[in-house]
**Student:** 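This is the structure, below, for whatever I ask next.
Below, read A as the first sequence line, B as the second, and so on, with proteins coming before strands; counting in each chain starts at 1.
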Protein chains: 2
Amino acid sequence: MEESTGLEQMICFELYAASRAMTGLYRPALDALGITYPQYAALRVIWHRGRITVRDLGAALRLDSGTLSPLLKRLEHQGLIRRERGTHDERVVWISPTDAGTDLEHRVADLPERLACALDLSAEEFQTLQHLLGRIRGAATRTI
Amino acid sequence: MEESTGLEQMICFELYAASRAMTGLYRPALDALGITYPQYAALRVIWHRGRITVRDLGAALRLDSGTLSPLLKRLEHQGLIRRERGTHDERVVWISPTDAGTDLEHRVADLPERLACALDLSAEEFQTLQHLLGRIRGAATRTI
DNA sequence: CGCAATTGAGTTGTGCGCAACCTATGTGTG
DNA sequence: CACACATAGGTTGCGCACAACTCAATTGCG
């Protein structure tokens, strides 16, 4: 029996700790590929869309340009993505995976499933969690 | 209908986004008090225990000394906590709230309830979420 | 006792997250 | 057309997280 810390009843803390625990679960696999967890999340969206603006990527990840600009610069330096100024509207920057980036996609194809297994949740629990997290995110972002 | 991003099915991403949304929900209230969310989490434990070593605080928050040392130094500079070298074992540092720190506790007493309300979850959903997050954290930390 | 191994805290370096601000480009209105 | 305004992306600064490391104090074992 652990000593009480007064945090047990705080959903916010559970969320914060669970989120960090989860990225820790991804870390060994991602370290081997030379990318971080937020970089991986960004790549998932880029792979899925094929070609996306920094703005839309930020909307998908809920991250602003202050976070994304340096992150994308690092992915570009690693040769995983390409950045091109839009020709029609020169304010926008289009992101797309390079060949090396697409290659990486195939090497991590089984990662989500492997790690979902590690969590040992039933399909039903999984769905419940997803629903509740969505509602939290909705409520929290709406209030702002 | 939003465009698909390929992240919908990834519980890890929902967790990551929900956690950030939640700290964003706390931000206005904590900004007014001049503390950050991790500082607030640390203070909750310190208030609850009255007196705690850096080691035990780290175990409660799942944070290492690399994160806690500078965080505690900032709380000390703000006059909210005291740091004292242990007399019996001079390696350990004991953390305790100052009068100003205890005062702050009273001013945030209603914060968890206020923010729990903003989430608009039923008591049952709340409990389900707590249980599932606990299992995730357990599974993720056990695997390491 | 003497010395290797362990432990507790701190430091350094890297990469987020986010606020605040900047610049360039585009849009809308009179 | 001119000028205010909005928008896209970038920069700076600060505070986490976490790995890797240092150092001092303590413990354990022959």
Side-chain angles (χ1 to χ4, degrees), chain A residues 13 16-28 30-32 34-43 52-59 61-78 81 83-95 140-141 144, chain B residues 13 16-28 30-32 34-43 52-59 61-78 81 83-95 140-141 144:
Chain A
F13 176 74
Y16 165 69
S19 174
R20 284 186 292 120
M22 181 70 99
T23 72
L25 196 56
Y26 270 80
R27 204 181 311 281
L30 296 181
D31 272 356
I35 59 175
T36 66
Y37 180 80
Q39 287 169 14
Y40 170 70
L43 283 171
I52 189 173
T53 65
V54 173
R55 189 193 103 90
D56 287 350
L57 182 57
L61 296 166
R62 271 81 186 179
L63 291 172
D64 67 4
S65 69
T67 301
L68 281 179
S69 284
L71 185 152
L72 293 172
K73 199 185 287 182
R74 282 185 283 270
L75 287 180
E76 189 184 33
H77 283 150
Q78 288 190 64
I81 63 164
R83 294 203 291 177
E84 304 161 287
R85 248 329 135 175
T87 48
H88 176 62
D89 184 340
E90 289 192 12
R91 289 171 305 177
V92 315
V93 169
W94 289 92
I95 308 294
T141 49
I144 296 172
Chain B
F13 176 74
Y16 166 68
S19 174
R20 284 185 293 120
M22 180 71 99
T23 71
L25 197 56
Y26 270 80
R27 204 182 314 279
L30 297 181
D31 273 357
I35 59 175
T36 65
Y37 180 80
Q39 285 169 16
Y40 170 69
L43 283 170
I52 189 174
T53 66
V54 173
R55 190 194 102 89
D56 287 350
L57 183 57
L61 297 167
R62 270 83 186 177
L63 291 172
D64 67 4
S65 69
T67 301
L68 282 179
S69 285
L71 185 153
L72 293 172
K73 199 185 288 182
R74 282 185 282 270
L75 287 179
E76 188 184 33
H77 284 152
Q78 288 190 62
I81 63 164
R83 293 204 290 175
E84 303 162 287
R85 250 330 135 172
T87 48
H88 176 62
D89 184 340
E90 290 192 12
R91 288 172 305 179
V92 315
V93 169
W94 288 93
I95 308 294
T141 49
I144 296 174

**Student:** Can you tell me which nucleotide in D:dA17, C:dA9, C:dA19 comes closest to the side chain of B:Pro38?
**Tutor:**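 The closest nucleotide is D:dA17.
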**Student:** Among C:dT25, D:dC16, D:dT11, find the nucleotide with the atom closest to the side chain of A:Glu90.
**Tutor:**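 The closest nucleotide is C:dT25.
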**Student:** Output yes when at least one side-chain N/O atom of A:Arg83 is less than 4.0 Å from OP1 or OP2 of D:dG10, else no.
**Tutor:**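 For D:dG10, OP1/OP2 do have a side-chain N/O of A:Arg83 under 4.0 Å.
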**Student:** What nucleotide, of D:dG9, D:dG15, C:dG15, holds the atom closest to the side chain of A:Gln39?
**Tutor:**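 The listed nucleotide nearest to A:Gln39's side chain is C:dG15.
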**Student:** Which comes earlier along DNA chain D counting from the 5' end, the contact point of A:Pro70 or that of A:Thr23, where each point is its nearest nucleotide?
**Tutor:**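 That would be A:Pro70.
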**Student:** The side chain of B:Arg91 lies closest to which of these nucleotides: D:dA8, C:dT7, D:dG9?
**Tutor:**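 Of all the options, the side chain of B:Arg91 is nearest to C:dT7.
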**Student:** May I ask you to verify if any side-chain N or O of B:Thr67 is less than 4.0 angstrom from the OP1 or OP2 atom of D:dC18?
**Tutor:**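 It does not, given that no N or O in the side chain of B:Thr67 lies less than 4.0 Å from OP1 or OP2 of D:dC18.
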**Student:** In terms of side-chain heavy atoms of B:Arg85, which of C:dC16, D:dA8, C:dG10 is nearest?
**Tutor:**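 The listed nucleotide nearest to B:Arg85's side chain is C:dG10.
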**Student:** I need the minimum non-hydrogen distance between B:Leu63 and B:Leu68, along with the two atoms involved.
**Tutor:**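 Closest approach of B:Leu63 to B:Leu68, heavy atoms only: O-CD1, 4.0 Å.
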**Student:** Return no unless some side-chain N or O of A:Arg62 is found under 4.0 Å from OP1 or OP2 of C:dC18.
**Tutor:**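 For C:dC18, neither OP1 nor OP2 has a side-chain N or O of A:Arg62 closer than 4.0 Å.
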**Student:** Touch check for A:Ser65, heavy atoms < 4.0 angstrom, all strands: base, sugar-phosphate only, or nothing?
**Tutor:**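 The residue A:Ser65 makes base contact.
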**Student:** Ignoring backbone atoms, establish whether A:Tyr16 has a side-chain N or O less than 4.0 Å from OP1 or OP2 of D:dC16.
**Tutor:**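 Answer no for this pair, as no side-chain N or O of A:Tyr16 is under 4.0 Å from OP1 or OP2.
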**Student:** State which of C:dG17, D:dA25, C:dT11 makes the closest approach to the side chain of B:Ser69.
**Tutor:**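 Selected nucleotide: C:dT11.
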**Student:** Which nucleotide in the list C:dT11, D:dG10, C:dG17 gets nearest to the side chain of B:Arg20?
**Tutor:**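 The answer is C:dG17, which lies nearest to the side chain.
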**Student:** With the side chain of B:Val92 defined as its heavy atoms from C-beta on, choose the nearest nucleotide among C:dA9, C:dG17, D:dG15.
**Tutor:**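 Comparing C:dA9, C:dG17, D:dG15 against the side chain of B:Val92, the answer is C:dA9.
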**Student:** Report which part of the nucleic acid A:Leu71 touches: base, sugar-phosphate, or nothing (heavy-atom distance under 4.0 Å, all strands).
**Tutor:**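 Sugar-phosphate contact only - A:Leu71 comes under 4.0 Å of backbone atoms but never of a base.
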**Student:** Can you see which heavy atom on A:Ser19 is nearest to which on B:Ser19, and at what distance?
**Tutor:**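 For A:Ser19 versus B:Ser19, the nearest heavy atoms are CB-CB, 3.8 Å.
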**Student:** B:Arg74 has a side chain; which of D:dA8, C:dG10, D:dC16 sits nearest to it?
**Tutor:**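 Minimum distance to the B:Arg74 side chain belongs to D:dC16.
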**Student:** Name the residue from A:Lys73, A:Gln39, A:Arg74, A:Glu76 that meets the side chain to side chain contact (heavy atoms under 4.5 Å, CB included) definition with A:Ile81.
**Tutor:**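 Single pass found, and it is A:Glu76.
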**Student:** For D:dT11 and A:Lys73 - does any side-chain N or O of the residue sit under 4.0 Å from the phosphate oxygens OP1/OP2?
**Tutor:**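 So the side chain of A:Lys73 is within the cut-off, an N or O lying under 4.0 Å from OP1 or OP2 of D:dT11.
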**Student:** From the set D:dC18, D:dC16, C:dA9, return the single nucleotide nearest to any side-chain atom of B:Thr53.
**Tutor:**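 Within the option list, the nearest is C:dA9.
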